[in-house]
Amino acid sequence: MKLPSYHPPIGLRTKTLVLSLFLLCLPWLGYQYVWEMEKYLRHGQEKTLEGTTQALATALHERPRLFDSQASFLNQVEKGRDLYAYPLNGPIQLDGRLNDWEAYRHRAMTYGEEHTLMRLSDSQSTLSFTHMVGKYGGYLYGFFEVTDPKVIYRGRNSLSVDRNDYLAIATLAPDDRFRRYTIANKRDGWLSAFELPENPAFSAPVTPEVRIQGQWLKTDKGYNIELRMPLEMVGSKLSFAIHDVNDKKGRRLEAIVGTSATDRADKLGTVLVPSPEIESIIKGMGHNSSRIWVVDVHGRVLAKSGDIRADSSVWTRSVEEERQPESFFGKLEHDYLHPIYYTVLTKPPMDFIDSLQDSTELGGSHIRRALNGQMASTWRLTPDNKAVVLAAASPIWIDDKVMGAVVAEETTHGIRTLRNRALEKLFNVILTVMAMGTLALFVFASGISSRIRKLRDQAERAIDSQGRVRDTIPPSKVRDEIGDLSRSFANIVSRLGQYTHYLENMSSRLSHELRTPVAVVRSSLEHLSLQQLDKDTAKYVDRAQEGVNRLWLILANMSEATRLEESLSQAEIDEFPLTKVVAGCVAGYQMTYKEQGFVLVLPDEPLTMRGVPEYIAQLMDKLISNAIEFSKADTDIRISLKVQGKQALLRVENQGPLLPENMTEQIFESMVSVRPQTMQSKPHLGLGLYIARLITAFHGGHISASNLSDGSGVEIRVSLPLL
């Protein structure tokens, strides 16, 4: 008998569900914690960077000589007029070929018609030039790529320097004196530089200026001028102008194109030269992973230090030091886990686009607020969206006025690296916890499953396929739901066993208790029948005698099963040929039931087995008796015996009514009969096939019944083990 499927009690399901939900919450809580930690780290990085800018600004406070006071008070900076000396990576070779300027060409500016300072009405001049200045090692470098179809040099014997093509330079020197210079060559080659009188009305006398050095080189379009001059000659204001003469005979000045006028100090443009002193200050206080700028009030860069692409912050270095895969777990993490983790995580890239790398002017809300006297910071994405840059700015005060700002920039690579490391550790912990949790749940579930399977096996062993209690269930001592279920099953099986034992012994008790009164009644009726009785009385005595005989037969049948069960336990087992026993029994049936036909099919071998041949004969009696009762008239009962593996298969077939559905197993139970009332000419208790099952089980075999495949009758199969 199969037990119904077991469902764990609600308490056990609740415990498992709560434990599972708790394990699922751990990764989510850890992930949220890491993200909150990153927010606080970003806030801390922002405040740290603001503190850095404030410290650097403090070092620059009240140092006016570091700043260009005149340029700082301009309302605005005009591109082209106000020059910026770009930092150069190295010294320029003064050969007039301009090859060393190729890396800086994108910063050069072209001056043409809109920058014309003077032009005669009938002039045919097409003068223009491309120009830029740069700074390196205490020198101001510059180049002029002039487009001029007619290049007029200074005359070989001429003392004048203004009746030819020349470059005019004007500056407000560091000593606040207005100084003018001119470069007028007689031929290609080394520059001929002269200082002019301060008064623009005079062009002589001139003094050679050897500190201005360079080359004049004629080209297909005009000529190139490449020069350098010491920064000590350059003040806060500077202008350049190309003077064009096209008539070699008349040497009349036809046009002037320049950055601004060179005849008066107040007309000069400004020039911003990055301060070496400021650069030395910020380099001494700069961070390896930060980029620091110092800008003036117009946002022009005075100094720069550092590179935001550098990945050498304290956080990153400390994290990388922890990554050495020396241990087994370290190698496992590095070789196998990291490739999985970084399908989700992203490593901070080093090849992002830095749009401000070579900027000479900076802008932004943080710089505007700093130039208004407030410390500020902002976040921005790089153009390729690969990096997040934090920028902070602090104002520089001189005489209660903002003269510039310190700007510091830093990527979040350090924080992202630290976040990734935290997530790696979190994933490691999650994997460990999940593995341990899975193992614990597996052990827990295996323990529950094994206990349930054990209880199931105990229940199946306790009750056989016929529903009889054969064994007990030992009660569990564990104080949980399964233990409680085990104790309940043990109690149920114990009570069921007591009741089954009572039912099994009831027939023997009834047989024993009824046998004496039935014998008294039977003997009394026999004595009464010997006396002279009238016809009616004799009829009733005969009917009573018939009833007593039927009752005596019932008691005999009830006693037979009980006696058989008792005798089986004391039977002596021996070896015997099964074929001979079956053949002898069938021969006797043919003599006893002469009106019934039998068909016997036997193998040639004896089919030796261990058991009691008398019980096998009794088994045959019950099977044949059952087959005869259910056989149709004029049909044969077929008996066959053959070998199937190590089993002897005995089959008894009869033509007749079919077995009802779901009765193929129940007909072998005690007190079960499928005979209709019309067939019960004598009492039947349904013990015949029950006795057959007892004998079969005693010999270690199996008995079953089924309808024939053609629907003509029933067959009973008995398999018995052979030697």
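All residue numbers in this chain count up from 1 along the given sequence.
Phe352 meets the ring pair (Phe, Tyr, Trp, His ring centres under 6.0 Å) test with His413; sequence neighbours excluded. Among residues two or more places apart in sequence or in another chain, the side chain to side chain donor-acceptor pair (under 3.5 Å) test is passed with Thr259 by none. Not counting sequence neighbours, Arg107 has no partner by the side chain to side chain donor-acceptor pair (under 3.5 Å) test. For Ser192, there are no side chain to side chain donor-acceptor pair (under 3.5 Å) partners, not counting sequence neighbours. Listed by chain and number, the residues in a side chain to side chain donor-acceptor pair (under 3.5 Å) with Gln213 are Arg228 (sequence neighbours excluded). Checked against ring pair (Phe, Tyr, Trp, His ring centres under 6.0 Å), His131 has the following partners two or more places apart in sequence or in another chain: Phe144, Phe240. Phe178 meets the ring pair (Phe, Tyr, Trp, His ring centres under 6.0 Å) test with no other residue; sequence neighbours excluded. With sequence neighbours left out, Gln374 forms a side-chain contact (heavy atoms from CB on, under 4.5 Å) with Arg369. Looking at residues two or more places apart in sequence or on another chain, you find a ring pair (Phe, Tyr, Trp, His ring centres under 6.0 Å) between Tyr223 and Trp216.
Residues Val133 and Tyr86 form no side-chain contact, since every pair of their non-hydrogen atoms from C-beta on lies 4.5 Å or further apart. Contact of the Glu410 side chain with the Val389 side chain is not registered, since no non-hydrogen atoms from C-beta on lie closer than 4.5 Å. For the pair Ile225 and Leu191, the minimum side-chain heavy-atom distance is below 4.5 Å. For the pair Val245/Lys150, no side-chain contact is recorded, criterion being any heavy-atom separation below 4.5 Å from C-beta on. Counting only heavy atoms from C-beta outward, the side chains of Val271 and Asp82 never approach each other to under 4.5 Å. No side-chain heavy atom of Glu198 sits under 4.5 Å from any side-chain heavy atom of Arg179.
Using a 4.0 Å cut-off between charged side-chain N and carboxylate O, Asp263 and Arg180 make no salt bridge. By the 4.0 Å N-to-carboxylate-O rule, Arg300 lies too far from Glu361 to be salt-bridged with it. Ion pairing of Arg380 with Glu409 is present here, as a side-chain N (NZ or NE/NH1/NH2) and a carboxylate O approach within less than 4.0 Å. Checked for salt-bridge contact, Asp266 and Arg264 meet the test: a charged N lies under 4.0 Å from a carboxylate O.
Here the side chain of Ser377 pairs no donor or acceptor atom with the backbone of Ala392 at under 3.5 angstrom. Judged purely by atom type and a 3.5 angstrom limit, Asp244 has no side-chain atom pairing as donor or acceptor with the backbone of Leu127. Between the side chain of Thr58 and the backbone N or O of Gln54 there is at least one donor-acceptor pair closer than 3.5 Å. Remark: side-chain polar atoms of Thr382 are paired, donor with acceptor, to backbone N or O of Ala387 under 3.5 angstrom. Panel note: side chain Gln45, backbone Thr411; a donor-acceptor pair is recorded below 3.5 Å. Remark: side-chain polar atoms of Lys304 are not paired, donor with acceptor, to backbone N or O of Trp293 under 3.5 angstrom. Ser158 places a side-chain N or O within donor-acceptor distance of the main-chain N or O of Ser160, the cut-off being under 3.5 Å.
Residue Tyr84 qualifies as enclosed at atom OH: its count of foreign heavy atoms under 6.0 Å is above 12. Counting non-hydrogen atoms of neighbouring residues, nucleotides and ligands closer than 6.0 angstrom, the NE2 atom of His43 reaches no more than 12 such neighbours. Around atom CG of Asp175, more than 12 heavy atoms belonging to other residues, nucleotides or ligands sit under 6.0 Å away. In this structure, Lys221 places its NZ atom where only 12 or fewer heavy-atom neighbours from other residues, nucleotides or ligands lie under 6.0 Å away.
Atom OG in Ser394 sits 8.5 Å away from atom CG in Leu56 (nearest 0.5 Å). In this structure, NE2 in His298 is found 14.5 Å from CG in Leu362, a value given to the nearest 0.5 Å. Note: Ile396 CD1 to Leu302 CG = 7.5 Å, rounded to the nearest 0.5 Å. With rounding to the nearest 0.5 Å, the separation of CE in Met132 from CG in Leu98 is 11.5 Å.
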For residues 87-95, which side-chain N or O atoms pair as donor and acceptor with protein atoms under 3.5 Å away, sequence neighbours left out?
unit_1 : atom_1 : unit_2 : atom_2 : d
Asn89  : ND2    : Tyr104 : OH     : 3.4
Asp95  : OD1    : Arg97  : N      : 3.0

Go through Asp188 and Tyr153 one step at a time and tell me if the side-chain contact (heavy atoms from CB on, under 4.5 Å) criterion holds.
CA-CA 9 Å; Asp188 286 355; Tyr153 290 105; 2.3 Å; yes
Test log, rule side-chain contact (heavy atoms from CB on, under 4.5 Å), inputs Thr412 and Arg42:
CA-CA 8 Å; Thr412 59; Arg42 288 192 179 214; 4.3 Å; yes
What verdict does the side-chain contact (heavy atoms from CB on, under 4.5 Å) test give for Glu195 and Tyr181, after you've listed the backbone C-alpha separation in whole Å, the side-chain angles of each residue and the deciding distance to 0.1 Å?
CA-CA 4 Å; Glu195 182 177 359; Tyr181 305 94; 3.7 Å; yes
Glu145/Phe129 under side-chain contact (heavy atoms from CB on, under 4.5 Å): CA gap, chis, key distance, verdict
CA-CA 5 Å; Glu145 188 176 21; Phe129 66 90; 6.0 Å; no
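Listed by first and then second residue, the ring pair (Phe, Tyr, Trp, His ring centres under 6.0 Å) pairs involving residues 354-376 amount to none (not counting sequence neighbours). Listed by first then second residue, pairs satisfying side chain to side chain donor-acceptor pair (under 3.5 Å) with a partner in residues 163-172 read Tyr166-His243, not counting sequence neighbours.
Residue Leu238 forms a side chain to side chain contact (heavy atoms under 4.5 Å, CB included) with just one option from Thr262, Leu172, Leu140, Thr270, and that option is Leu140.
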